[in-house]
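In what follows, a single structure is set out as structure tokens and then discussed.
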Amino acid sequence: MRSPFALIRDIRYHSRRVEGSVFDRIQGGGFVAFAFIAPVVVWRMERIVVRETVEQLQEIRVFEPIDDTGRVEPVRAIDVPPDERDRPWPRSTPLATVFVEQRTVWRGSPLVTSDTLEVPVLRIERLPACRDARVAEVRRAAEGVTRRAQAAADAPRTRTHAASWVFSSGAWWVTLSFALAVVLAPLRLARFVYRRGRTVVRQSRIDRCHCPNCGYNARKSILIGRCPECGSELYERPDYD
């Protein structure tokens, strides 16, 4: 009678281990690695994905007023409200329209993780009455009424959005893990088809008392349990690596 230790040894030898395949180990390792790679991807996206928007803060009219006697007065500039920007220029010589614009740079993907508010700039649209020599005078007059521009920002300001960083990192983590799973899916399918086909062939050989490895007719060696042709065992589990 065989000892219990021998029986346990045989059970372990002939039993199929339930363990993950190499693809499972790759998938698990990639899932852990992507948790550290995702923040790096978010950091790189801030330099790759950059969008800009321009906001108009003010519209300023620069003109030379004309009094009732027809005398031209010094250059003036006024801040035009949004509802009066289509009104004509009465009793004056229009020189230019100055737009105070502020540029905002947005960075990050899929969410905006940081933005930079630039210093407002003046964009001058000269009219025919404004000669090149008067551009400096027009600019000085416009700068005197840029109240909103001066209050908006006197230096570029960059803000980092912590919540967007967290959500973007999570999104890239899931995306990279899913991409790895998609890449491994055809390889998993090919391995599964190969293993199933090999199992069917070897099991059919065992059913006919042939060697599952080389197909040799081992009916006379069935009691020995080993193929005389190649030396492999004649009794194997139905699922093979």
Side-chain angles (χ1 to χ4, degrees), residues 37-176:
I37 296 176
V40 179
V41 175
V42 175
W43 176 73
R44 288 299 302 168
M45 285 294 107
E46 286 191 345
R47 287 146 181 78
I48 297 175
V49 181
V50 180
R51 300 175 295 275
E52 296 183 1
T53 58
V54 178
E55 179 186 3
Q56 181 177 317
L57 301 180
Q58 281 182 283
E59 180 177 325
I60 301 172
R61 287 184 179 179
V62 182
F63 57 95
E64 289 178 327
I66 300 176
D67 59 11
D68 296 336
T69 62
R71 184 172 61 87
V72 178
E73 298 181 359
V75 175
R76 293 181 54 191
I78 60 172
D79 183 5
V80 183
D83 55 347
E84 298 182 4
R85 290 175 180 176
D86 295 333
R87 294 180 59 182
W89 303 53
R91 302 184 63 81
S92 63
T93 302
L95 298 178
T97 302
V98 181
F99 300 95
V100 181
E101 298 176 341
Q102 189 171 46
R103 186 170 65 99
T104 306
V105 182
W106 310 89
R107 303 180 182 89
S109 176
L111 300 178
V112 175
T113 54
S114 67
D115 64 82
T116 300
L117 201 64
E118 301 288 349
V119 177
V121 296
L122 302 181
R123 180 170 61 86
I124 301 175
E125 291 187 357
R126 293 190 299 168
L127 299 175
C130 181
R131 300 183 300 274
D132 294 342
R134 309 199 65 179
V135 173
E137 184 181 3
V138 169
R139 179 178 292 276
R140 285 194 299 271
E143 288 175 350
V145 293
T146 56
R147 296 180 302 277
R148 287 182 57 193
Q150 294 174 357
D154 54 0
R157 294 181 297 178
T158 301
R159 299 179 300 174
T160 301
H161 308 285
S164 297
W165 255 92
V166 174
F167 283 107
S168 296
S169 298
W172 279 110
W173 186 11
V174 174
T175 301
L176 294 174

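Nothing fancy with the numbering, it's 1 onward along the sequence. Since this is a predicted model, take the numbers as computed values, not measurements.
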Exercise for the section: Please step through side-chain contact (heavy atoms from CB on, under 4.5 Å) for the pair R126 and D132, ending with a clear verdict. Expected result: CA-CA 9 Å; R126 293 190 299 168; D132 294 342; 2.3 Å; yes

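- Here the closest non-hydrogen pair linking V145 and A77 is CG1-O, 3.7 Å.
- Applying the salt bridge (Lys or Arg N to Asp or Glu O under 4.0 Å) rule to pairs touching residues 108-117 yields D115-R159, sequence neighbours excluded.
- Residues F63 and S92 come closest through the heavy atom pair CD1-CB, 3.6 Å.
- A side-chain N or O of T53 and one of W106 form a donor-acceptor pair less than 3.5 Å apart.
- The minimum heavy-atom distance linking C130 with L95 is given by the pair CB-O, 3.0 Å.
- The two atoms that bring A141 and V62 nearest to each other are CB-CG1, 4.3 Å, heavy atoms only.
- Residues forming a salt bridge (Lys or Arg N to Asp or Glu O under 4.0 Å) with R134 (at least two apart in sequence, or on another chain): E64, E137.
- For W172 (side chain) and S109 (main-chain N/O), a donor-acceptor pair under 3.5 Å exists by modelled atom type.
- Checking each of R107, H161, E46 against T113 for a side-chain hydrogen bond (donor to acceptor under 3.5 Å, both in side chains) leaves exactly one that passes, namely E46.
- When every heavy atom of T93 is checked against every heavy atom of A129, the shortest pair comes out as CG2-CB, 3.8 Å.
- Counting only residues at least two apart or in different chains, salt bridge (Lys or Arg N to Asp or Glu O under 4.0 Å) contacts with residues 94-106 comprise E52-R103, E101-R123, R103-E118.
- Between the CZ atom in R139 and the CG atom in L122 there is a gap of 5.5 Å [rounded to 0.5 Å].
- Between the side chains of T158 and T116, a donor-acceptor pair is found at a separation under 3.5 Å.
- Counting non-hydrogen atoms of neighbouring residues, nucleotides and ligands closer than 6.0 angstrom, the CZ atom of F167 reaches no more than 12 such neighbours.
- Across all their heavy atoms, W173 and A38 have their closest contact at N-CB, 3.8 Å.
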Problem - Derivation and outcome, side-chain contact (heavy atoms from CB on, under 4.5 Å), residues E55 and T104 - result: CA-CA 8 Å; E55 179 186 3; T104 306; 5.6 Å; no

Practice task
Tell me, with the steps shown, if I60 and V80 meet side-chain contact (heavy atoms from CB on, under 4.5 Å).
Solution key: CA-CA 6 Å; I60 301 172; V80 183; over 6 Å; no

Practice task
May I have the step-by-step check of side-chain contact (heavy atoms from CB on, under 4.5 Å) for V100 and Q102, ending in yes or no?
Solution key: CA-CA 7 Å; V100 181; Q102 189 171 46; over 6 Å; no

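- A donor-acceptor pair under 3.5 Å links the side-chain atoms of S164 to the main chain of V112, judged by distance alone.
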